[in-house]
There are 2 protein chains.
Amino acid sequence: MKASVVTIEPNGHFCSDCAVRDFAACSSLDPAELREFEHLGRRVQFGSGETVFSEEDITTSFYNLLDGVMRLYKLLPDGRRQIVGFALPGDFLGMNISGRHNFSADAIGGATVCQFAKAPFGRFIESRPHLLRRINELAIRELSQARDHMVLLGRRSADEKVATFLLGWRERLFSLKGASDTVQLPMSRQDIADYLGLTIETVSRTFTKLERHGVIEIVQGGISLLDPAKVEALAAA
Amino acid sequence: MKASVVTIEPNGHFCSDCAVRDFAACSSLDPAELREFEHLGRRVQFGSGETVFSEEDITTSFYNLLDGVMRLYKLLPDGRRQIVGFALPGDFLGMNISGRHNFSADAIGGATVCQFAKAPFGRFIESRPHLLRRINELAIRELSQARDHMVLLGRRSADEKVATFLLGWRERLFSLKGASDTVQLPMSRQDIADYLGLTIETVSRTFTKLERHGVIEIVQGGISLLDPAKVEALAAA
DNA sequence: CGCCAAAATTGATCTGGGTCAACTGGCTTT
DNA sequence: AAAGCCAGTTGACCCAGATCAATTTTGGCG
């Protein structure tokens, strides 16, 4: 019965079945609204490394990340890159006031998004203050994270940066998939470096140093926290 | 005569006369709403260096800066400080989702704020989606600034940081008070250093270097941009 | 004014993390 | 299974900016 409906449903899915239904922006919608909302978004897949939108692009869509990881970054004219965040399922992307995206977004290892055309989404939200409130809430949370990251970038040592990153990333994965001392790191060392304001060599050396001290173990596709307390002590310092 | 008005009006002012009326959060309110809004806020003065709220404080109020400059900052346990922004008249402070402020705010050289108790303000906004939209807009603008600042902190050299700061600050003063190549700097060198992720010595040396090169002139309470194009070139690089 | 404390500048030296370069070890391609 | 290729690691060296240490300037106040 679901399958038959899917062929009728142009999006090939129902919001009510959506993986991020409970914590994404749309969590504020009631079932009736959700049925209407369903027609606004379309699922789109992106391959590994593909760009979802670029910094200079005029904003034509908003995005709700459903599956995968994305890197959000800004480039300086000479190519220096700062990753301003990693997006995980449930994150809402594309809000801005200038009419242009103010950062670029790439899929890391493939991603699925729910894409909304700007105008109909804007019209829909117009009469739903609770959705606006939800989006405002997400923006304010992001702002708080952005400020934390400024402290990291401006005032922390390389060791502290790496330790703080590992704990923060583990925390985000935890709220998505539950507790684990094995932390999957889908992003490259270069991505981590550009997120932390370091070079790839320094990130690599810091990982190696932590491993030598028995604090972490570098495993395929991530790291394992052997001594979380030690990592926390490093991050707190 | 000011005094007589103060005794009549409990707030000691009218929103309609407010200096930031046209660009602060309340710019979205119509005259009727404004009359009601008036009773929610009270003007409060802070002396030079006084703390308006602290990072750990439970949020009981929101603030609209009316006059003066404030530094917004976070401290690490060991005392390292990162200034996450400077507030100017019209800036709206205090929004958060955790129920606690996520940064501290000090007046720099005295400041006047319009203070709103959290609960009544929340009730007022409840039925005014346009005010919520305005606040959301301010949050998104701040988020964009925060991301720009991450690039500066993570990927720019000391010279670039200082040049970018001077231009950005000039731009903000420009939109408040009009164009000028003399840039007032009410904050201390230490404040600038903590904003840029540098030490006070590096900021001082960079100023001196720019002055030696005839790019700026260090004047009482600020600097004068002798060669704005050169500063822009430095900041762009 | 002249005195004092705080802010800013300047100089000398040091170092964390960057730069440059070589190497390693998985994967894919054929 | 040989070859090639990245991503990651490691080593040697360097330098931008930090640190430490004096001055010098400024601003507030009796």
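Letters A, B, ... are given to chains in the order of the sequence lines, protein chains preceding strands, and every chain is numbered from 1. These numbers come from the heavy atoms of this one structure, side chains and all, not from hydrogens, waters or symmetry mates.
- To the nearest angstrom, P of C:dT9 lies 11 Å from CG of B:Leu185.
- In terms of polar N and O atoms assigned as donor or acceptor, the side chain of B:Glu201 comes within less than 3.5 Å of the base of D:dC20 in a complementary pairing.
- Comparing atom distances between the A:Ser204 side chain and each of C:dT9, D:dG8, D:dG11 picks out D:dG8 as nearest.
- Rounded to a whole Å, the CZ atom of B:Arg189 is 14 Å from the C1' atom of C:dA6.
- Aromatic pair B:Phe165/B:Tyr195: centroids less than 6.0 angstrom apart.
- Per the geometry, CD1 belonging to B:Ile218 stands 14 Å off C1' belonging to D:dT24, to the nearest Å.
- Figure legend: cation-pi geometry between A:Arg71 and A:Phe86 absent, as NZ or CZ is not positioned both under 6.0 Å from the six-membered ring centre and within 45° of its axis.
- Where B:Gln190 and A:Arg156 meet DNA chain C, the nucleotide closest to each residue was compared, and B:Gln190 sits on the side nearer the 5' end.
- Ion pairing between B:Glu160 and A:Arg80 holds under the 4.0 Å rule for side-chain N and carboxylate O.
- In summary, the aromatic rings of A:Phe53 and A:Phe103 are positioned with their centroids under 6.0 Å apart.
- Residue A:Thr202 has its side chain nearest to C:dG17 when only D:dT9, C:dG17, C:dT9 are considered.
- In this entry the distance linking CZ of B:Arg205 with C1' of C:dG11 reads 7 Å, nearest Å.
- For the OP1/OP2 pair of D:dG17 and a distance below 4.0 Å, the side-chain nitrogens and oxygens of B:Thr199 include no atom meeting the criterion.
- If you take CG of B:Leu153 and P of D:dG17, they are 13 Å apart, rounded to a whole angstrom.
- Checked against D:dT9, D:dG17, C:dT19, the side chain of B:Ser157 finds its nearest nucleotide in D:dG17.
- Residue-level contact check: B:Gly197 touches the backbone only, with heavy atoms under 4.0 Å from sugar-phosphate atoms and none from bases.
- The interatomic distance linking B:Leu196 (CG) with D:dA18 (P) rounds to 11 Å, in whole Å.
- Of the candidate nucleotides C:dT10, D:dA12, C:dA8, C:dA8 has the atom lying nearest to any side-chain atom of B:Ser188.
- As rounded to whole Å, 13 Å separates atom P of D:dT9 from atom CD of A:Glu217.
- Toward the 5' end of DNA chain C, the nearer of the two residues B:Ile200 and A:Val203, judged by each one's closest nucleotide, is B:Ile200.
- Between B:Arg155 atom CZ and C:dG17 atom P there is a gap of 13 Å when expressed in whole angstrom units.
- Using a 4.0 Å cut-off, some side-chain N or O of B:Gln220 falls inside it from OP1 or OP2 of D:dG27.
- For B:Thr208, the side-chain atoms get nearest to C:dT10 when compared with the rest of C:dT10, C:dT9, D:dA18.
- Atom NZ of B:Lys177 is separated from atom CG of B:Leu88 by 8.0 Å, given to the nearest 0.5 angstrom.
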